[in-house]
Structure formats: C-alpha cells, structure tokens
Amino acid sequence: MRAVRTKQLSSVPLGRGVRADIRNLLRSPSTRIKQVQQIHARFVVRCYPPPSLYACNSVLFAYARSPLPSQAFAFFATQMRHVKPTTVTFQFLLKACSRSTSLVQTSQIHPLTLKLGFCLYTFLQNAIIYCYGLCGQLVDARRVFDELTHRDVVSFNSMIHGYAAVGDMNSASDLFAQLPEPNIVSWTALVTGFANKGDVFEARRVFDKMPERDLVAWNAMISGYVQNRHPVQALNLYNQMQIEKFNPNTITITSILSACANVGALDIGKWIHVYLNKNNVLLDPFMGSSLIDMYSKSGAVDLALQVFENLPEKNTCTWNAMINGLAMSGHTRETLELFNKMQLDGSVRPDEVTFVGVLLACSHGGFVEEGKRHFYCTMKQYGVVQLVEHYACIVDLLGRSGQLKDAEEVIRNMPIEPDIVVWRALLAGCRLHKSVALAEKVVSEMEAKSSGDFVLLSNLYASVGRWDGVENMRKTMIHKGIKKIPGCSSIVLDNTIHEFISGDKSHPRYSEIIAKLAELGRKANSDGYYAEVSSVLYDIDEEEKEQSLGHHSEKLAIGLGLISTAPGSPLTIMKNLRVCDDCHSMTKFISRICNREILVRDRIRFHRFKDGFCSCNDYW
DNA sequence: CTAGGGTTAG
C-alpha cells in the first residue's frame with residue numbers, strides 16, 4: 001500500500017500548473033527568488049515524463065536574474081543530469097556567473113562548453129571572456145579572446161570591459177584603438193573604466209568624444225561623478241542630459257538622489273520624490289535607499305523614516321541607509337531599535353555596513369556596554385567579519401568614554417593592521433580627555449599623513465597651554481610638506497548649489513558675505529560670547545584659513561545663506577572636513593543672534609544649531 | 001536568450 005502511494009507521488013507530471021508558473025516567470029521583468037524556488041521544489045520530486053529542456057532552461061534563466069544567481073549552478077548540477085545542455089543552457093549559466101562574479105563556476109563551465117563543441121559559438125565565448133574579465137582573470141580572458149576564430153564587437157567589448165574592471169586602462173585603450181568600428185558600448189566601457197579608477201577627468205574626456213550617446217552612457221558618466229564624490233558635476237550633467245531630451249530611468253534617479261545626498265540638495269531631492277510619485281513610479285530598493293539617504297543627509301530624518309516605512313521592498317542597503325541615517329543624526333535609541341527590528345524581520349541579514357551604523361550610534365550616544373556587546377558578540381553571531389572600520393568605531397567608543405587604556409589595548413591586539421582611521425579615533429579620545437602623553441605616542445607611531453592629525457595634536461597642545469608643542473607641530477608639517485585638504489562647503493539656494501572652497505573669492509556676492517560676517521563678528525565680540533572663544537584660537541587648523549580674513553568655507557556658506565534667505569528660515573550646509581572649534585562656536589552664536597536653525601553636516605556627523613546650542617553638545 | 005549604467009559605510 002505504501003509502495004503504491006510512493007509510486008503515485010514520484011510520477012506526478014510537472015503539469016499545467018508549473019508550465020503556467022514558468023510562463024509567468026518568463027514574462028515578468030524581474031524574478032523574486034521565492035517564485036523560482038517554488039518551481040525548483042517541484043522538480044525535485046521525481047516526475048514523469050522528465051521535465052523538458054525548455055522547462056529546465058527557464059528555471060536557469062529565472063535564477064540567473066534573481067537575487068541569488070548562484071542557485072542556477074546548484075539546479076544545473078542536481079536537476080539537469082538527464083538532459084543534454086544546449087547553448088541556451090550555457091548562456092543562462094554564464095549570465096549567473098557574471099551576476100555572481102563566480103570564478104569557480106566560470107572556470108568549470110568554460111571547459112564544459114569546449115567539450116560539447118561549443119567553441120565555435122562566438123556569443124558563448126564572448127560571455128566567457130566577460131566572466132573571466134569580471135573575476136580579474138585577464139590572462140584566461142585574453143586566451144579565449146586570442147583563440148577565437150571570429151571576433152566581433154562584443155568580443156572586443158567584453159575584453160575591454162575586463163581590462164577596465166581591473167583598472168588596466170592602457171590595455172583597454174589599446175584594444176579600443178584596434179577596434180575597427182567601436183560602438184556605444186565600447187565607448188561606455190572606457191568611460192566606466194576611467195571613472196572606476198577615479199579618473200573622472202579622463203572619463204569625461206572620453207564621454208565628450210563619443211559620436212553618439214544613449215541613456216546607459218549618460219548614466220555611466222553621471223554615476224562616475226557620484227561615486228567619485230563630485231555631486232555638483234553629476235547634477236550639472238543631469239541637467240545637460242535633460243536638455244538633450246533624454247528621459248531619466250530608475251538608474252539615473254538612483255545616482256542623482258545619491259548626488260543630492262552628498263551635496264545636501266534637499267529641494268532637488270524632494271522635487272524628484274514628487275516627480276516619482278506623480279508618475280506612479282514604484283520605488284525599488286535602490287531608489288528607496290538613495291532617497292532615504294538623501295533625506296537623512298539633508299537633515300530630514302523624519303521624511304527618511306516615512307519613505308522607509310512605505311517602501312514595498314527593502315534590502316540590506318535600505319535598512320543600512322536608514323540605520324546610518326538615524327545614527328548620523330544622533331538618534332541613538334532609535335538606531336538601536338531599528339537594528340532590533342531588522343534582526344526580528346529576518347528577511348535581510350545585517351552586514352558590515354549595518355554594524356558601522358550600529359557602532360557609530362553607540363559611540364555618539366555613549367552606549368559603551370551595548371557597543372562592546374555588538375562588536376564582540378552580535379557581529380560574530382551573524383558571521384560578519386570585523387573590518388578596520390569597525391575597529392575604528394570601537395576605539396572611538398572606548399576613547400570617547402575615557403577608557404583610553406582599553407582603546408589602546410584593542411589596537412595592540414587587532415588581528416589586522418590598524419589604519420590611520422583607527423589611530424585617529426584614539427587620537428580623538430586623547431584630545432577629548434586631554435591625554436598629551438598618549439597622543440604624542442600615537443602621532444609618532446601612526447606616521448600621521450593628513451593635516452588633520454597634526455592639527456588634532458596641535459589643538460591638544462594648545463588646550464593644555466603647551467605652546468611649544470603647537471609651534472613644533474607647525475614646523476613638522478612644513479618640514480614634511482604636509483598639505484591641508486582644501487575645505488569645501490556647499491549650500492543649496494533656489495535649486496542652485498553654491499560651493500565655497502577656502503580662499504576662493506570668486507562668488508559673485510563675496511563682498512556682501514564678508515560684510516555680513518564682519519558685522520556678526522563685531523556683534524559677537526561686543527556680546528563677549530565670541531571674544532572668549534577666539535582668545536583661545538589656535539593658529540593651526542584642519543582647514544586652510546583664508547589668510548587675510550580668516551574665514552573657513554562653512555562660514556562663507558552660512559554668510560551667503562543669511563543674506564539670501566528670509567529671516568528666521570533654516571539653513572543647511574554640507575562640509576567635507578570636520579567643523580573646527582572656532583566655527584562651531586560662531587555658528588552657535590549666529591543661531592541665537594539671527595534666530596536661525598542651522599544644520600551643518602561635517603565629515604562625520606550632523607550639528608544642529610539652535611538658540612545658541614548645538615545638538616552634539618560640543619562633543620564631537 | 002548573446003556585451004555597457006544603480007543604493008548604504010569608509
């Protein structure tokens with residue numbers, strides 16, 4: 001009796017239901033992993049007649065474009081023993097290789113295609129070249145390329161893409177030059193290649209030389225700017241793109257929102273959000289994450305939370321964007337609550353980025369024990385490897401709370417080489433708790449390279465009245481030829497981004513700004529508030545001061561904001577370096593005297609100035 | 001069904 005039932009079970013044909021499922025799978029533009037897994041499960045039951053090659057290939061196709069492309073290999077290995085694979089089978093397998101950048105799979109599939117006599121199919125070999133290239137195996141890629149009897153544009157483009165992926169732009173350009181008729185894809189490969197290397201200038205040069213461009217090319221250049229932190233150029237190019245009558249797609253929007261986030265362009269970002277709603281565009285996790293990031297970084301965490309709550313689909317990035325947004329804004333409790341929610345939700349796994357946010361929140365909120373627990377236990381629990389960034393966070397956490405010995409101990413026992421950021425975190429702790437001796441030790445050991453480190457030690461000397469140390473630092477910096485990073489602050493007014501680089505007087509309203517700042521300076525002095533602070537002004541600073549007037553870039557941005565907006569309206573300023581003590585005090589003063597809420601986002605965190613106080617409680 | 005473009009941290 002039991003045998004009969006088993007037999008009935010094991011010979012269930014795939015049936016119409018599955019065929020309909022497969023049809024649906026192929027019809028939808030993207031694949032949810034659950035859909036494929038359900039169909040996969042029905043293959044596992046031995047059925048009669050065996051599933052057709054078409055059905056098998058369909059599952060491969062679905063896996064290849066799903067969020068878990070590597071599942072395609074498992075399916076191929078276990079469920080396709082009875083069928084003879086065709087070129088289509090390999091196309092999908094190779095698609096899965098490229099989407100999961102799996103060298104192991106690529107190097108196994110390659111000989112298999114040769115064994116089956118598929119070496120003459122250029123389109124298959126092209127895919128192999130592409131996959132090897134993505135995995136950084138340029139020698140293997142080149143061998144396939146050289147052995148091809150017939151090379152088409154795609155062969156060249158795949159090879160160029162491979163060179164570009166490892167940053168070998170010389171080889172990429174050489175190959176490009178050999179191409180009789182490069183097409184848009186060839187050109188775009190060069191643009192992305194240069195951009196990925198950080199050479200946006202060269203990328204733009206290539207982009208400008210393109211005989212024609214399509215949306216992908218525009219997107220490549222725009223995201224190149226965004227990824228290299230040139231948000232203003234990205235936004236300018238986006239305008240140019242619209243002038244040339246190209247409509248943005250979701251990819252363009254994702255990059256542009258990221259650009260808005262980096263420059264704090266809340267108005268433009270909001271406008272795009274409205275545009276998306278008006279056109280009934282469903283927010284995918286990419287756009288969702290960018291949007292959340294844009295709102296958080298523009299100081300509108302409440303709006304970020306709204307977006308987050310209403311997103312139809314969230315991935316790890318989305319959660320991370322929200323967690324980091326809350327952490328940056330100083331909402332420690334909320335950050336940790338959201339992290340709890342993420343763990344309970346279970347649909348996504350926390351990753352390295354998640355823990356940067358969690359630890360950062362603990363650090364800003366002074367939650368030492370909780371931070372330690374996440375660092376030592378929770379991370380291990382999720383199998384998340386501790387990177388230097390996390391060590392920097394924990395050192396920062398310990399250092400801030402005054403446990404300088406423990407912090408130093410952590411660095412000494414790190415399994416990986418501490419980088420400058422880790423040392424700098426300890427140094428910041430020394431500054432906060434005025435530990436000159438340890439700070440000196442740290443600076444001598446870390447071989448400080450950036451001006452910020454010397455500035456920190458110098459400020460520390462000054463704060464304990466060691467003027468000889470200040471002078472020494474200054475000499476050391478000159479001697480070692482250490483250049484200060486130019487300070488750069490921006491403010492968005494009427495959809496226009498105004499960038500101020502210290503020492504640059506080119507802004508059309510420069511003299512008005514200076515006049516306004518001078519007026520405020522006088523008020524501050526007579527108030528007694530500012531005078532007190534400036535008396536302990538140090539003559540070395542992270543940002544190069546404009547010699548004659550001594551204005552940091554953020555003061556210029558604030559000045560412009562004050563003279564060009566209605567009294568009492570809030571201002572948002574973005575800065576690439578950390579706020580200095582002087583500007584911090586001055587901004588507190590301005591917020592009170594001008595009755596303005598001023599939000600300054602520096603390299604590390606937000607400062608919300610209101611009624612003469614700052615949300616960081618002068619602790620940063 | 002053959003090639004190129006996207007988010008979070010540092």
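First the proteins, then the strands, lettered A, B, ... as listed; each starts at 1. Please read these numbers as outputs of a predicted model, since none were measured by experiment.
- Here the straight-line distance linking atom CG of A/L134 with atom OG1 of A/T101 works out to 6.5 Å at 0.5 Å rounding.
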Do any side-chain atoms of residues 170-180 of chain A form donor-acceptor pairs under 3.5 angstrom with protein atoms, and if so which ones, sequence neighbours left out?
unit_1, atom_1, unit_2, atom_2, d
A/S171, OG, A/D168, OD1, 3.1
A/S171, OG, A/D168, OD2, 2.5
A/S173, OG, A/M169, O, 2.7

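- Within residues 185-199 of chain A, the residues that have a heavy atom under 4.0 Å from DNA chain B are, in order of number, A/V185, A/T188, A/T192.
- Contacts between residues 247-265 of chain A and DNA chain B, counted as heavy-atom distances below 4.0 Å, involve A/N249, A/T250, A/I251, A/T254, A/S255, A/S258.
- B/dA3 atom P lies 14 Å from atom CZ of A/R65, rounded to whole Å.
- The phosphate of B/dG5 (OP1 or OP2) has no side-chain N or O of A/S223 nearer than 4.0 angstrom.
- At whole-Å resolution of the value, NE2 in A/H364 and P in B/dA9 are 13 Å apart.
- For the 3.5 Å distance criterion, the side chains of A/D293 and A/S296 fail to qualify, holding no donor opposite an acceptor.
- Note on A/L291: nothing from the nucleic acid sits closer than 4.0 angstrom, heavy atoms only.
- Annotation: A/W218 is not in aromatic contact with A/Y238 [ring centroid separation under 6.0 Å not met].
- Residue contacts shown for A/D214 include a base, since a base heavy atom lies under 4.0 Å away.
- The side chain of A/Q227 contributes an N or O atom lying less than 4.0 Å from OP1 or OP2 of B/dT7.
- Residue contacts shown for A/D152 are absent, as no nucleic acid heavy atom lies under 4.0 Å away.
- With rounding to whole Å, A/L282 atom CG is found 16 Å from B/dT7 atom C1'.
- A side-chain donor from one of A/R204 and A/Y225 sits under 3.5 Å from a side-chain acceptor of the other.
- The shortest distance between the side-chain N/O atoms of A/K297 and the OP1/OP2 oxygens of B/dT8 is not below 4.0 Å.
- Atoms CG (A/D419) and P (B/dA9) sit 17 Å apart, rounded to a whole Å.
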